[in-house]
Amino acid sequence: MPDLGASEIAELIAPLRVAPGSKVNLPADFDPGYHAGFLNKRDGRRLLNRGVEMLSEYQSRLAAQDTYGLLIALQALDAGGKDGTIKHVMSGVNPQGVTVHSFKVPSAAELSHDYLWRYAQCAPSRGQIGIFNRSHYEEVLVVRVHPENLDRQRLPSAANDDGVWRRRYREINDWERYLSDNGFRIVKILLNISKEEQRLRFMKRLDRPDKNWKFSSADVTERGYWDDYQRAFSEMLSHTSTSWAPWYVIPADHKWFARICASAVIVNALIEIDPRYPKVSKAAHRELADARKALEAEAPGK
Ligand code: AMP
Ligand code: MG
């Protein structure tokens, strides 16, 4: 693969996209170890650098045009590589144009609102790229795997019946459609790791003093729910990959490959938005020329 042109990007990400309406069985349908055989790690580094450059260029145009925003929802199990992906993929972009929000267990104040409230508060403005490190999808993942989270949300009984997950999928799709109709493009990425790779990454967190802080014994407890999470992911992917906000399942056992894919998915969305620098009107051109004349007249020695 020589470079990251629009068609190479489209080719790279096509197999990662979840076709809207398809029924997904995550462990059977997506291989966490896949790395598009034709790429090696060194080529990978070059491609990632190119992706980072493109992202930076597009982000400047997005900000200048100030019409569209981009929301990136990043989901993964613990040690799936969310933090590293954000750090590497966004390394070249102007920090003024990017916001990152990490969603944790909801606070008492957040639990006093409807469940999408806290995510809406953090959505990007026009011209901005907003990253959700974990996202509104936790509401159909951790909340589904551990229903006591749902109890804490104090829903009225009619909103807490057997249909609650189906309804949440619909509400999330509707919210995303609303955002997308109003100029906010949504990119949804699931970093898909294998159980063995998660074990190895946990071991590294235990072995390396500089990584100890990242380990929590709760992570091992959560790992015990592996199959429940795979089922919750499968259901989420089956119901919420839409034409306006499709899911991409990124093979994440190889970090270098996951980062290239994440960067390709994000750049692809920006290529589709195609933000342009605003055109300067004739009147504004005249103003620029007048300003130049005035500044030149002030030059020392004139
Ligand atoms: P971390 O991303 O490792 O800092 O952990 C954040 C924790 O917050 C994870 O265990 C998530 O499952 C949890 N979390 C995030 N969103 C929610 C939510 N809406 N309800 C309950 N727990 C959540
Ligand atoms: Mg964690």
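Index from 1, following the sequence. Each ligand, and each atom within it, is numbered from 1 in the order the structure gives.
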Ser241 side chain to Val18 backbone, donor-acceptor under 3.5 Å |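 Yes; at least one donor-acceptor contact below 3.5 Å.
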Under 3.5 Å donor-acceptor, Lys188 side chain and Ala245 backbone =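 A pair under 3.5 Å: yes.
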Given Arg201 and Lys211, is the side-chain contact (heavy atoms from CB on, under 4.5 Å) satisfied, shown in steps?
-> CA-CA 10 Å; Arg201 292 186 190 178; Lys211 296 221 175 208; over 6 Å; no
Taking the six-membered ring for Trp, are Tyr169 and His239 parallel (under 30°), tilted (30 to 60°) or perpendicular (over 60°)?
->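 Plane angle under 30°, so parallel.
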Around ligand 1, what residues show up once you keep those with a heavy atom under 4.0 Å from it?
->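 Answer by chain and number: Asp78, Phe103, Lys104, Val105, Pro106, Arg118, Tyr119, Arg134, Glu138, Glu139, Val142, Val143, Asn149.
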Does Arg61 make a cation-pi contact with Tyr58, if we ask for NZ or CZ under 6.0 Å from the ring centre and within 45° of the axis?
->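 Positive - Arg61 is close enough to the ring of Tyr58 and near enough to its axis.
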Positive for side-chain hydrogen bond (donor to acceptor under 3.5 Å, both in side chains) with Glu138, one of Gln75, Arg144, Lys104 |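 Exactly one pass, corresponding to Gln75.
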